[in-house]
Colleague: 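Dropping the structure in here first, questions after.
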Amino acid sequence: MQITDDKKDADTPTSLRTLKLFWPYIRPYRRGVIAASCALLLVSFALLSLGRGFAFLVDNGLGDRNPDVLDLSVLAVVGLAALLGLGSFFRMSLLNHVAENVMADIRRSVFAHTLSLPLSWFETARTGDILSRLTTDISVVQTVLATTLSMATRSFILLIGGTVLVVLSSPKMSLVVAIIVPLIVVPLILLARRLRAASRIAQDRLADMGVQAEENISAIRTIHAFSREMMALGRFSNSLDESLSAALIRVRLRSLLAGFIMFMIITGIAAILWIGGRDLLAGKISAGDLSSFIFYAFLVASSAGTLSELGGDLQRAAGAAERIAQLLSVPAQVADPAAPRSLPHADGVTIICDKLSFAYAAQQGRAALHEISFTASPGQKIAIVGPSGAGKSTLFHLILRFYEPTSGSISLNNIDVTSMTRRDVRNHIGLVPQDPALFSSTVLDNIAFGQPEASRAEIEAAARQAQAHDFICQLPQGYDTRISPSGSGLSGGQIQRIGLARAVFGDPVLLVLDEPNSNLDNDGSHALNLAIRATKAAGGAVIIMAHRPAAFQECEQLLMLENGLCRGFGPRDAVLRSLVKNQTQIIASTDLGGVA
């Protein structure tokens with residue numbers, strides 16, 4: 001489900017679908033669009049009127065040597081200029097207002113949709129590419145909506161209107177227009193298609209460059225630790241060169257398009273001036289009519305030149321819009337049930353995993369878990385142990401409903417978790433990951449991340465339970481100290497205790513711990529034990545994922561996983577004795593086989 005170009009033909013929306021995709025975001029602001037369109041038409045018609053105004057000024061004001069008519073003509077031109085300025089102001093103001101609001105809505109929608117995507121999609125998706133679509137691509141579309149589209153529309157109206165007025169003024173011009181227009185339009189269509197494809201490729205390469213930058217910056221400590229700065233720079237430079245090459249191809253196509261159209265337009269103007277000049281010398285037209293011809297010829301030429309320039313921007317925006325549409329077309333995670341069940345209040349919770357199986361999509365169907373069954377009763381502490389790759393983290397992810405099992409079920413107090421909302425399931429679970437995530441906010445907000453509406457007293461109580469209150473109070477602004485996602489200025493144990501405070505906040509009925517002692521100091525380990533005992537005393541269950549024996553010394557139950565299979569489940573000592581016995585038998589049989 002990764003966003004790539006491999007299935008471009010199948011996945012890339014057509015222009016019509018892209019327009020339909022953005023229309024719901026524009027619809028709430030259609031009054032602004034209509035008002036801006038009216039201002040646009042006003043400006044266009046005022047510009048088209050100037051040509052006849054110049055003709056009247058030359059023939060009646062200058063030709064007849066009438067100062068009154070000259071004064072009146074100049075005032076009329078100034079009035080039209082004021083109308084142009086006022087219309088341009090309203091057009092730009094209204095369109096930019098609409099564009100800013102539409103792009104804010106699109107960004108909000110894209111980000112909300114990204115949050116709703118299943119975690120299986122994020123297995124192969126690249127963070128930098130997602131960020132590029134959310135920022136760069138939307139900014140490109142915003143530029144088009146705010147400026148390019150209106151300028152293109154105005155230029156198109158002026159091009160058609162100017163051409164029509166030239167033809168109506170002199171039928172001879174029709175022949176010139178009939179020859180020039182197809183010579184412009186046909187290459188424009190052919191080059192525009194190639195330009196759109198090149199623009200899409202350039203956007204993709206730019207996103208690849210962003211991915212390289214994001215990955216290297218995220219791993220900056222590792223890069224420095226292994227002295228791989230030059231290697232990181234080389235990879236980024238290669239990505240930058242590919243992006244530059246794609247951008248230059250787009251620039252060359254755009255320049256070819258602009259140069260060809262400009263040549264044809266200037267040639268057309270020369271033809272118009274030649275025909276009009278001969279008619280003036282022959283007395284068939286007036287000097288005012290020739291002035292009008294020249295004005296409209298210039299208007300047509302400048303409008304065509306503007307269209308050729310803006311065509312590149314429009315094609316680039318079309319490529320960016322397709323990338324946004326492609327992200328929005330990724331199916332969201334399975335919806336919550338229409339009539340969800342809720343976990344009733346009880347003194348304890350029993351979690352039952354029954355023949356649980358799961359396979360990651362990225363692993364091409366290879367089972368990460370196969371028919372795992374166990375029960376965690378109220379007040380019990382269960383350790384899930386096994387080597388790396390045994391399936392421990394996968395089991396945690398299924399309990400938290402990050403993924404849906406391919407078969408089997410998980411239930412809380414005999415209620416299947418798939419019949420509950422994900423929010424309800426997770427609200428009853430406190431998670432302490434091995435490396436707790438921090439957010440660019442205050443310590444207070446980080447602890448209350450799951451329940452931001454909580455009072456300060458409740459947050460401080462959770463911090464005390466996690467033995468974090470004392471060191472938090474020693475921070476520059478205490479609970480109001482802002483921290484970075486990297487936890488700069490905090491030790492690994494302090495970060496772990498903030499994560500523990502977040503997990504125990506709200507008294508969860510199920511406490512899930514991932515390698516809980518990995519980064520904890522003595523105070524943190526003591527706080528962890530207190531949190532575990534408090535959860536058990538309240539009738540909650542505790543599940544610990546661990547590699548080291550010290551982490552499961554006080555566990556009543558032990559679940560041993562290996563290669564996604566259950567190698568033993570039951571009382572801790574009984575499972576350990578069984579494992580030792582099996583290992584002894586394997587060693588003995590191997591030795592006997594060697595003697596034979």
Side-chain angles (χ1 to χ4, degrees), residues 1-8 10-30 32-33 95-149 196 199-215 217-218 243 313-336 361 402 422-423 437 439-441 485:
M1 300 176 70
Q2 180 183 4
I3 301 177
T4 64
D5 294 326
D6 297 339
K7 297 181 179 179
K8 181 179 176 183
D11 295 340
T12 301
T14 62
S15 300
L16 183 59
R17 287 179 58 191
T18 303
L19 290 175
K20 288 182 178 179
L21 175 72
F22 287 105
W23 172 244
Y25 302 101
I26 301 174
R27 185 186 299 139
Y29 309 100
R30 56 186 178 275
V33 174
L95 281 178
N96 276 280
H97 176 79
V98 170
E100 291 290 344
N101 281 280
V102 168
M103 289 304 106
D105 291 345
I106 291 176
R107 278 196 174 96
R108 188 180 297 111
S109 178
V110 170
F111 186 69
H113 181 72
T114 303
L115 293 178
S116 73
L117 295 177
L119 287 184
S120 57
W121 181 80
F122 289 96
E123 292 174 16
T124 53
R126 300 178 301 175
T127 302
D129 185 64
I130 298 172
L131 294 177
S132 177
R133 294 168 194 259
L134 190 62
T135 54
T136 305
D137 291 341
I138 292 181
S139 295
V140 170
V141 177
Q142 178 178 354
T143 300
V144 168
L145 286 180
T147 306
T148 307
L149 195 59
R196 180 170 183 171
S199 298
R200 171 62 191 270
I201 294 173
Q203 290 294 115
D204 289 339
R205 296 294 81 79
L206 183 63
D208 292 341
M209 184 186 67
V211 169
Q212 280 290 333
E214 186 267 337
E215 289 179 352
I217 292 173
S218 298
S243 175
D313 292 335
L314 290 173
Q315 296 304 324
R316 184 185 177 199
E322 288 176 358
R323 284 168 47 83
I324 298 169
Q326 193 177 45
L327 176 57
L328 289 174
S329 67
V330 177
Q333 63 185 354
V334 178
D336 287 322
F402 290 163
R422 290 180 179 82
R423 182 183 181 89
F439 299 90
S440 299
S441 186

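Just so it is clear, the values below take in all heavy atoms, side chains as well, and ignore hydrogens, waters and symmetry mates.
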Colleague: Under the 3.5 angstrom rule, does the side chain of Ser132 hit a backbone N or O of Asp129 as a donor-acceptor pair?
Modeller: no
Colleague: According to ring-ring contact (aromatic ring centres under 6.0 Å, His included), who are the partners of Phe402, at least two apart in sequence or on a separate chain?
Modeller: His397
Colleague: Decide if atom CZ of Arg27 counts as having more than 12 heavy atoms of other residues, nucleotides or ligands within a radius under 6.0 Å.
Modeller: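 Correct, the count exceeds 12.
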Colleague: Atom CZ in Arg323, atom CD1 in Ile138: separation rounded to 0.5 Å?
Modeller: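 Reported to 0.5 Å precision, the distance equals 11.0 Å.
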Colleague: Once ring-ring contact (aromatic ring centres under 6.0 Å, His included) is applied, do any residues pair with Phe439, and if so which ones, sequence neighbours excluded?
Modeller: Phe449
Colleague: Residues in side-chain contact (heavy atoms from CB on, under 4.5 Å) with Val140, at least two apart?
Modeller: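 Only Gln203, Arg316, Ala317, Ala320 meet the side-chain contact (heavy atoms from CB on, under 4.5 Å) criterion with Val140.
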Colleague: Taking atom CD of Glu100 and atom OH of Tyr29, what is their separation to the nearest 0.5 Å?
Modeller: 11.0 Å
Colleague: Under a 4.0 Å N-O cut-off, is there an ion pair linking Asp336 with Arg423?
Modeller: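 No, Asp336 and Arg423 are not salt-bridged.
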Colleague: With a 4.5 Å heavy-atom cut-off, do Ser139 and Arg107 have their side chains touching?
Modeller: yes
Colleague: Any chance you could measure Leu328, atom CG, to Leu117, atom CG, to the nearest 0.5 Å?
Modeller: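 Atom-to-atom, Leu328:CG and Leu117:CG are 9.0 Å apart.
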Colleague: Rounded to the nearest 0.5 Å, how far does CG of Leu134 lie from OG1 of Thr114?
Modeller: 6.5 Å
Colleague: Any idea which heavy atoms bring Ala332 and Pro118 closest together, and the distance?
Modeller: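 Shortest heavy-atom contact: C-CD, 3.9 Å.
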Colleague: With rounding to the nearest 0.5 Å, note down the distance linking CG in Leu327 to CZ in Phe111.
Modeller: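 CZ of Phe111 is found 11.5 Å from CG of Leu327.
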Colleague: Examine distances only and state if a side-chain atom of Ser109 and a backbone atom of Ile106 form a donor-acceptor pair shorter than 3.5 Å.
Modeller: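 Checking the backbone N and O of Ile106 against the side chain of Ser109, no donor-acceptor pair under 3.5 Å is found.
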